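Predicted, not measured: the structure shown is a model, and the values here were computed from it.
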Amino acid sequence: MAAKIKKGDKVVVLTGKDKGKKGDVIAVFPKEERALVQGVNMVKRHEKPSQTTTGGIVTREAKVHLSNLAIQDPKTGNATRVGFKTLDDGRKVRFAKASGETIDG
């Protein structure tokens with residue numbers, strides 16, 4: 001099945017402690033059905049010092065399940081569902097079901 005959410009997409013969180021927050025997708029993990037979103041689901045981790053980092057308590061993003069994310073509509077900025085359509089030149093693109101705008105250039 002084609003990916004509805006890809007790296008670099010702007011998404012809205014639908015449920016959980018970060019409900020309503022918006023951010024960019026940093027990475028997608030299709031086998032786990034999860035994604036990393038910038039500034040969403042922040043957790044604290046205790047890290048050991050290494051050659052590159054000083055260690056201590058570090059705040060970073062944790063993975064979010066894809067069912068809790070929705071693409072941000074390019075026209076309105078609200079959450080929208082994603083559909084697929086084929087353009088005249090044969091390209092398959094994603095589009096926002098709410099406004100009909102294409103998500104892929």
Side-chain angles (χ1 to χ4, degrees):
M1 189 167 154
K4 295 188 178 190
I5 295 177
K6 296 180 181 178
K7 181 180 175 180
D9 285 346
K10 298 200 179 301
V11 293
V12 180
V13 180
L14 300 176
T15 59
K17 66 178 183 180
D18 295 320
K19 180 178 179 176
K21 280 192 181 176
K22 299 175 182 181
D24 293 331
V25 177
I26 301 169
V28 180
F29 305 93
K31 287 184 179 174
E32 301 173 38
E33 295 184 353
R34 293 179 180 271
L36 274 179
V37 182
Q38 191 172 3
V40 173
N41 198 20
M42 301 301 282
V43 293
K44 290 183 188 267
R45 292 283 176 251
H46 295 261
E47 282 192 356
K48 259 185 173 177
S50 66
Q51 287 183 338
T52 56
T53 61
T54 56
I57 300 174
V58 179
T59 305
R60 64 166 68 142
E61 294 94 356
K63 297 175 188 174
V64 182
H65 199 272
L66 291 177
S67 66
N68 298 331
L69 300 175
I71 293 279
Q72 188 176 341
D73 195 321
K75 200 178 240 182
T76 63
N78 297 331
T80 182
R81 291 177 298 153
V82 177
F84 293 91
K85 63 182 173 185
T86 308
L87 299 178
D88 297 332
D89 59 359
R91 288 187 300 140
K92 183 180 177 184
V93 294
R94 298 175 296 160
F95 73 97
K97 292 224 178 173
S99 66
E101 290 277 315
T102 58
I103 296 166
D104 304 316

> Can you get from V64 to V11 by hopping between Ile, Leu, Val, Met, Phe, Trp and Tyr side chains that sit under 4.5 Å apart?
Replying inline: yes
> Taking only residues at least two apart or on different chains, which pairs with a member in residues 11-27 satisfy side chain to side chain donor-acceptor pair (under 3.5 Å)?
Replying inline: K10-D24, T15-N68, D18-K21
>> Minimum heavy-atom separation for T80 and A96, please, with both atom names.
In response: CG2-CB, 3.7 Å
> More than 12 non-hydrogen atoms from neighbouring residues, nucleotides or ligands closer than 6.0 Å to CG on D89, yes or no?
Replying inline: yes
> CZ/F29 to NE2/H65 distance, rounded to the nearest 0.5 angstrom?
Replying inline: 13.5 Å
> Roughly how far, to the nearest 0.5 Å, is CG of L14 from CG of L66?
Replying inline: 11.0 Å
> Which residue pairs satisfy the side chain to side chain donor-acceptor pair (under 3.5 Å) criterion with at least one member in residues 34-44, sequence neighbours excluded?
Replying inline: none
> Quick check: are there more than 12 heavy atoms from other residues, nucleotides or ligands sitting under 6.0 Å from NZ of K7?
Replying inline: no
>> Would you say V28 ends up clustered with I103 if hydrophobic residues are merged whenever their side chains have heavy atoms under 4.5 Å apart, either directly or through other cluster members?
In response: yes
> Say you draw a straight line from CG of L69 to NZ of K4; how long is it, rounded to the nearest 0.5 Å?
Replying inline: 13.5 Å
> Would you say I5 and V12 are hydrophobically clustered, going by side-chain heavy atoms of ILVMFWY under 4.5 Å?
Replying inline: no
>> Please check: side-chain N/O of Q72 versus main-chain N/O of N78, any donor-acceptor pairing under 3.5 Å?
In response: no
> How about L87 and V93: do any of their side-chain heavy atoms sit closer than 4.5 Å?
Replying inline: yes
> Can you tell me if T102 uses its side chain to pair, donor with acceptor, with the backbone of F95 under 3.5 Å?
Replying inline: no
> So if you build clusters from Ile, Leu, Val, Met, Phe, Trp, Tyr with side-chain heavy-atom gaps below 4.5 Å, do I26 and I71 land together?
Replying inline: no
>> Suppose the criterion is salt bridge (charged side-chain N to carboxylate O under 4.0 Å, His left out): which pairs have a residue in residues 67-82, not counting sequence neighbours?
In response: K75-E101
> What distance separates K6 NZ from R94 CZ, expressed to the nearest 0.5 Å?
Replying inline: 5.0 Å
